[in-house]
Asker: 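My questions all concern the structure below.
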Amino acid sequence: SKRVSTRLAGMTESGIAPASLDLIWSEGAVFTVGFDAALEAFWHLAKPGALVVISECVWLQEQVPEELRSFWNRAYPGMRTAGENIRAAETAGYRFIHAEVLPSEIWESDFYQPIETMMARMDRDISPGMQAILTEQEEEIALFRQFNHLYGYVFHVFLRP
C-alpha cells in the first residue's frame with residue numbers, strides 16, 4: 001500500500017506531476033479521448049522506463065461486414081487495428097513490448113452478461129435518451145455475438161524509453 005496509489009482523474013488533464021509514474025494502466029477507457037491523445041498524455045506522465053498498458057477495442061480483420069463497420073463508426077470512429085495502434089505508439093516514441101487479444105469469453109461473462117442482467121431489471125419507463133442508450137447496447141451485444149471473431153479488445157504494452 002505504500003508503493004501503489006490510485007487516483008481518480010481526467011485522462012488528459014489529470015493534475016499528476018509530469019514524468020512521475022512507473023506504470024499507467026488503462027482498461028477500455030482511452031476511446032473517450034482517442035488512442036493518440038491518450039498516448040500523448042501518458043507520455044508526459046510516464047517516467048523514462050515506465051510501462052504503459054492500454055486495452056483498446058480493435059479490428060481483428062480489416063474486411064468486415066458493413067453492418068458491423070457502420071455500428072462501430074458511430075460508436076467509436078477512431079477504432080483501428082492493433083497494428084495501427086502499435087505503429088501510432090512507435091511514431092509517438094514508445095517501444096512496443098507486447099499485444100494480446102482478450103478472449104471473447106471474457107467479454108461475454110464479465111461484461112455483456114452482467115449488462116444484460118442489469119438491463120432486464122430496469123424499468124423501461126425511462127427517458128428517450130436512456131432508451132437510446134439501451135437500444136445501442138442491445139445492438140452492440142447482438143453484433144458481438146455474431147462477429148466477435150472480427151473485433152475485440154487487445155492489451156497493448158508499451159515502454160516509454
Asker: To the nearest 0.5 Å, tell me how far Ile133 CD1 sits from Ile126 CD1.
Answerer: 8.5 Å
Asker: Minimum heavy-atom separation for Ser14 to Ala9, with atom names?
Answerer: O-CB, 3.6 Å
Asker: Are the side chains of Asn85 and Glu56 in contact, using a 4.5 Å heavy-atom criterion?
Answerer: yes
Asker: According to a hydrophobic-cluster definition based on side-chain heavy atoms being under 4.5 Å apart (Ile, Leu, Val, Met, Phe, Trp, Tyr only), do Val58 and Tyr76 belong together?
Answerer: no
Asker: Per the side chain to side chain donor-acceptor pair (under 3.5 Å) rule, which among Glu67, Glu66, Arg74 passes with Ser70?
Answerer: Arg74
Asker: Donor-acceptor check, side chain of Tyr94 to backbone of Trp43, threshold 3.5 angstrom: yes or no?
Answerer: yes
Asker: Phe96 and Val52: same hydrophobic cluster, using ILVMFWY side-chain contacts below 4.5 Å?
Answerer: yes
Asker: Do Asp36 and Arg80 come close enough that some side-chain heavy atom pair is under 4.5 Å?
Answerer: yes
Asker: Is there a path of hydrophobic side-chain contacts, each under 4.5 Å between heavy atoms of I, L, V, M, F, W or Y residues, that connects Val64 with Phe31?
Answerer: yes
Asker: Decide yes or no for Leu60 and Val154: does some side-chain heavy atom of the first lie under 4.5 Å from some side-chain heavy atom of the second?
Answerer: yes
Asker: Set out, in order, the CA-CA distance, both residues' side-chain angles and the distance that settles ring pair (Phe, Tyr, Trp, His ring centres under 6.0 Å) for Phe155 and Trp25, then state yes or no.
Answerer: CA-CA 10 Å; Phe155 269 100; Trp25 189 284; 5.7 Å; yes
Asker: About how many Å separate CD of Gln137 and CD of Glu116, when rounded to the nearest 0.5 Å?
Answerer: 9.0 Å
Asker: Name the orientation class of the two ring planes belonging to Tyr151 and Trp59 (parallel below 30°, tilted from 30 to 60°, perpendicular beyond 60°).
Answerer: perpendicular
Asker: Taking all atoms of both residues into account, what is the closest heavy-atom pair of Ala99 and Ile86, and its distance?
Answerer: CB-CD1, 4.2 Å
Asker: Kindly compute the distance separating NE2 (His44) from CD1 (Ile16), expressed to the nearest 0.5 Å.
Answerer: 13.5 Å
Asker: Can you find a pair of side-chain heavy atoms, one from Cys57 and one from Trp107, that are under 4.5 Å apart?
Answerer: yes
Asker: What is the distance from atom CD of Glu84 to atom OG1 of Thr91, rounded to the nearest 0.5 Å?
Answerer: 11.5 Å
Asker: Would you name the heavy atoms of Val30 and Ser26 that are closest together and state the gap between them?
Answerer: CG1-OG, 3.5 Å
Asker: Is Ile115 reachable from Leu143 through a run of hydrophobic residues whose side-chain heavy atoms are each under 4.5 Å from the next?
Answerer: yes
Asker: So do the side chains of Glu108 and Gln113 get within less than 4.5 Å of each other, counting heavy atoms only?
Answerer: yes
Asker: Taking CE in Met130 as the centre, count heavy atoms belonging to other residues, nucleotides or ligands within less than 6.0 Å. Is the count above 12?
Answerer: no
Asker: Looking at every non-hydrogen atom in both residues, tell me the closest pair between Pro114 and Ser109 and how far apart they are.
Answerer: CD-O, 3.4 Å
Asker: How about CZ on Arg145, more than 12 heavy atoms from neighbouring residues, nucleotides or ligands closer than 6.0 Å, or not?
Answerer: yes
Asker: Checking Ser55 side chain against Gly28 main chain: does a donor-acceptor pair fall under 3.5 Å?
Answerer: yes
Asker: Angle between ring planes, Tyr112 versus Phe144, binned at 30° and 60°: parallel, tilted or perpendicular?
Answerer: tilted
Asker: How long is the straight-line distance from CG of Leu150 back to CD of Gln146, given to the nearest 0.5 Å?
Answerer: 9.0 Å
Asker: Where does the angle between the aromatic ring planes of His156 and Phe158 fall among parallel (under 30°), tilted (30 to 60°) and perpendicular (over 60°)?
Answerer: parallel
Asker: Should Arg95 and Glu90 be marked as a side chain to side chain contact (heavy atoms under 4.5 Å, CB included) after you check the CA-CA gap, both sets of side-chain angles, and the distance that decides it?
Answerer: CA-CA 6 Å; Arg95 193 171 92 211; Glu90 290 176 334; over 6 Å; no
Asker: Looking at every non-hydrogen atom in both residues, tell me the closest pair between Ala29 and Thr32 and how far apart they are.
Answerer: O-OG1, 2.8 Å
Asker: Would Phe71 and Glu136 satisfy side chain to side chain contact (heavy atoms under 4.5 Å, CB included), going step by step from the backbone distance to the final call?
Answerer: CA-CA 9 Å; Phe71 174 84; Glu136 182 177 278; 3.8 Å; yes
Asker: With side chain to side chain contact (heavy atoms under 4.5 Å, CB included) as the criterion, how do Glu140 and Trp72 come out once you've worked through the C-alpha distance, each side chain's angles and the decisive distance to 0.1 Å?
Answerer: CA-CA 9 Å; Glu140 179 181 336; Trp72 282 106; 4.0 Å; yes
Asker: Once you round to the nearest 0.5 Å, how far does CD of Glu40 lie from CE of Met11?
Answerer: 13.5 Å
Asker: Check whether any side-chain heavy atom of Ile24 sits under 4.5 Å from a side-chain heavy atom of Leu51, and report yes or no.
Answerer: no
Asker: Let me check something: do Val157 and Leu102 share a hydrophobic cluster, defined by ILVMFWY side-chain heavy atoms less than 4.5 Å apart, either directly or through other members?
Answerer: yes
Asker: Can a salt bridge be assigned to the pair Asp22 and Arg3 using a cut-off of 4.0 Å between side-chain N and carboxylate O?
Answerer: no
